[in-house]
Amino acid sequence: MAALSYPRPYRGAGTTGDADFAAVRAFLLGLNSRDPVCSPEFLWARWEWAFCLPYLDRGHLDRIGVWEADGRVVALATYESVLGEAYLAVDPAHRAELLPDLVAHAERALAAEGTVAIPVGEDEPDLAALLAARGYEAMPWTEDMSVRTLEGVPAPRLPEGYRLSSLAEGVDLHRLNRCLHRGFGHADPVPEDEETLRWRKESVSAPSLVPELNTIVVAPDGEYAAYCGIFLEPSAGLLMVEPVCTEPGHRRRGLARAAVQESLRRAAPLGAHTAYVGSDLPLYRDLGFAAFHRSHWWRGRVG
């Protein structure tokens, strides 16, 4: 029997180059590579994505709980961006033993303003029962995960004047920033200060982000009209589609669809065989993705 440690605080400083970041990533990738996938609501790529955005509250990273067995990470209780939310991941061999401890840690270290919310997969009746017994209530919020193989991805089709590019061909950070800012519904003016451009550059520099797979649709005037981000782990054959957006002035022309198709087609020769996306939107269903996992948020009062 492996010797389990009590949860220790996460030791990383908030960058993707930290040794502890890599240890947690390796743990999540091991879970995500199983059949069936473990902890699909928090894939290894979601861990990376969180550390590449400015929304992560880096002032409380030491509240993230890490459990180890013989020096290997076997469980994690973390927030994604701010306190008040808690994602739990645990090696199935230690689940029955550690699940109550994970919840207790979330309540103790990850709550905000006296509450904590935890996503519970529909295939996790043990966690749902545990939270219900502790007074949690199921909320109306859900998270979906969809999947498809990379076989038979059709070639993208674009309207006249548009063309496909990628981060590997060079990127204009100002144009990328404008596309992503407006594409996700943020109002003008677009912030283009030095700090914004710095973190935008970091957001496309994650360990699993392969530049040639991250597709840009360039408009006839040279502006970036749509974007598809891809996180690839070739050793496991897995990729995560995130983020995908279209600049409002270029919508309803099939640009996001074309960007995703191009990214998936480029990924297959690099060893990928399965693609995940954290959504069940019609766009992804039309692209051949099938819903396979849904999480429901439960919220409880603590203290």
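The structure displayed is predicted, hence computed values, not measured ones.
Partner Y276 forms a ring pair (Phe, Tyr, Trp, His ring centres under 6.0 Å) with one of W44, F292, Y284, F289 and no other, that one being F292. Residue F21 forms a ring pair (Phe, Tyr, Trp, His ring centres under 6.0 Å) with just one option from Y10, F27, W47, and that option is W47.
Ionic pairing of R294 and E143 is not present here: no N-O contact between side-chain nitrogen and carboxylate oxygen is shorter than 4.0 angstrom. Between R25 and E233 there is a salt bridge, since a side-chain N of the basic residue sits under 4.0 Å from a carboxylate O of the acidic one. Taking 4.0 Å as the cut-off between side-chain N and carboxylate O, E223 and R182 do not count as a salt-bridged pair. A salt bridge does not link D193 with R198: none of the charged nitrogens is closer than 4.0 Å to a carboxylate oxygen.
Remark: side-chain polar atoms of D18 are paired, donor with acceptor, to backbone N or O of G14 under 3.5 angstrom. A donor-acceptor contact shorter than 3.5 Å is absent between the side chain of R148 and the backbone of A290. Listed for the R266 side chain is a donor-acceptor partner under 3.5 Å among the backbone atoms of E212. Proximity of a side-chain donor or acceptor of Y224 to a complementary backbone N or O of N177 within less than 3.5 Å is not detected.
The CG atom of L99 sits 5.5 Å away from atom CG of D126, with the distance rounded to the nearest 0.5 Å. The distance from the OG1 atom of T15 to the CZ atom of F51 is 8.5 Å, given to the nearest 0.5 Å. In this structure, the separation between SG on C245 and OH on Y227 is 9.0 Å, given to the nearest 0.5 Å. Atoms CG and CD, from D57 and E80 in turn, are 13.0 Å apart once rounded to the nearest 0.5 Å. We find the CD1-NE2 distance between I64 and H105 to be 8.5 Å, quoted to the nearest 0.5 Å. To the nearest 0.5 Å, the span separating CD on E242 from OG on S208 amounts to 13.5 Å.
Between H181 and H186, the ring-plane angle classifies as tilted under the 30° and 60° cut-offs.
In this structure, T215 and E262 approach most closely via the heavy-atom pair OG1-CG, 3.8 Å.
Side-chain atoms of R46 and Y87 form a donor-acceptor pair, as typed in the model, at a separation below 3.5 Å. Between the side chains of R253 and Y162, at least one donor N or O sits under 3.5 Å from an acceptor N or O.
Between P234 and L270 there is no side-chain heavy-atom pair separated by less than 4.5 Å.
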